[in-house]
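Remarks on the structure that follows.
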Amino acid sequence: MDIDEIVVAIEWVEDYVQIVTDISRLNLCNPYEIMGGVSLADIIGWRLLRICSDKEYVHVIADKGSIRVSLDPDLYNGPEAFYYARNEGGGFFSA
């Protein structure tokens with residue numbers, strides 16, 4: 001799924017992390033790893049370009065690195081490992 005959004009904030013909500021962009025929210029509910037040698041707080045300002053998945057991870061591809069969220073069924077805290085939705089509708093991705 002192609003997106004073009006800027007990360008504007010990071011919010012810690014109970015048992016998951018929410019990445020807030022200029023037009024959407026991404027919930028990281030399972031363990032995640034930031035590829036690019038930075039911490040979660042450092043991704044503010046990143047341009048998110050694409051969301052895709054394989055059997056093991058959801059991948060959020062950005063201009064300065066990427067984030068991968070585990071799809072290991074033993075690590076689920078709730079019904080989803082990852083959730084993306086645009087604030088005004090029109091875009092949705094869940095795994």
Side-chain angles (χ1 to χ4, degrees):
M1 172 180 199
D2 290 329
I3 60 175
D4 185 18
E5 306 174 18
I6 304 294
V7 176
V8 296
I10 306 296
E11 298 176 358
W12 284 262
V13 182
E14 295 183 24
D15 59 351
Y16 64 93
V17 172
Q18 188 168 80
I19 298 173
V20 180
T21 76
D22 49 342
I23 61 171
S24 72
R25 295 182 182 272
L26 297 85
N27 295 340
L28 312 180
C29 305
N30 271 11
Y32 60 87
E33 183 177 4
I34 300 173
M35 316 306 281
V38 298
S39 71
L40 188 61
D42 294 328
I43 71 167
I44 294 173
W46 278 20
R47 180 176 299 276
L48 305 183
L49 305 172
R50 187 163 197 267
I51 300 170
C52 57
S53 64
D54 55 35
K55 291 181 181 182
E56 296 181 41
Y57 297 99
V58 171
H59 303 273
V60 181
I61 311 302
D63 61 343
K64 297 178 183 172
S66 65
I67 303 164
R68 67 181 187 180
V69 181
S70 174
L71 292 176
D72 182 338
D74 294 331
L75 300 176
Y76 276 60
N77 290 325
E80 299 129 356
F82 174 87
Y83 179 85
Y84 164 86
R86 290 223 168 123
N87 296 338
E88 302 298 324
F92 176 80
F93 187 99
S94 179

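Just so it is clear, the model here is predicted, and its values are computed rather than measured.
Rounding to the nearest 0.5 Å gives a distance of 9.5 Å between CD of Glu11 and CG of Asn27. Here the CD1 atom belonging to Ile67 is positioned 11.0 Å from the CE atom belonging to Met35, to the nearest 0.5 angstrom.
Leu49 and Ile19 sit in two unconnected hydrophobic clusters of ILVMFWY residues. Membership requires side-chain heavy atoms under 4.5 Å apart, directly or through other members. Cluster membership check: Ile61 does not share its hydrophobic cluster with Ile6, using side-chain heavy-atom separations under 4.5 Å among Ile, Leu, Val, Met, Phe, Trp and Tyr.
Looking at Trp46 and Ile34, their side chains come closer than 4.5 Å, going by heavy atoms from C-beta outward. Side-chain contact between Leu40 and Tyr32 is present, with heavy atoms from C-beta onward closer than 4.5 Å. Residues Val58 and Leu71 meet the side-chain proximity criterion, which asks for heavy atoms closer than 4.5 Å. Annotation: side chain of Ile43 is not in contact with side chain of Lys64 (no heavy-atom distance under 4.5 Å). Considering only heavy atoms from C-beta on, Leu26 comes within 4.5 Å of Leu48 through its side chain. With a 4.5 Å cut-off on side-chain heavy atoms, Phe82 and Ile51 count as touching.
Under the side-chain contact (heavy atoms from CB on, under 4.5 Å) criterion, Ile44 pairs with Val7, Ile10, sequence neighbours left out. For the salt bridge (charged side-chain N to carboxylate O under 4.0 Å, His left out) test, residues two or more places apart in sequence or in another chain that qualify with Asp2 are Arg50. Take Asp15 and apply the side chain to side chain donor-acceptor pair (under 3.5 Å) test, not counting sequence neighbours, and it matches no residue. Qualifying side chain to side chain donor-acceptor pair (under 3.5 Å) partners for Asp4, counting only residues two or more places apart in sequence or in other chains: Arg47. With sequence neighbours excluded, no residue forms a side chain to side chain donor-acceptor pair (under 3.5 Å) with Glu56. Not counting sequence neighbours, the partners of Asp72 by the side-chain contact (heavy atoms from CB on, under 4.5 Å) test are Ser70, Asp74, Leu75. The side chain to side chain donor-acceptor pair (under 3.5 Å) search around Ser24 returns Glu5, Thr21, not counting sequence neighbours.
Cluster partners of Val13 are Tyr16, counting Ile, Leu, Val, Met, Phe, Trp and Tyr whose side-chain heavy atoms approach within less than 4.5 Å, directly or via other members. Other residues sharing the hydrophobic cluster of Val20, ordered by chain and number and joined by side-chain separations under 4.5 Å: Val8.
Residue pairs meeting the salt bridge (charged side-chain N to carboxylate O under 4.0 Å, His left out) criterion with at least one member in residues 33-42, sequence neighbours excluded: Glu33-Arg68.
Taking every heavy atom of both residues into account, Leu28 and Val69 meet most closely at CD2-CG2, 3.6 Å. Of all heavy-atom pairs between Glu80 and Cys29, the closest is O-CB, 3.3 Å.
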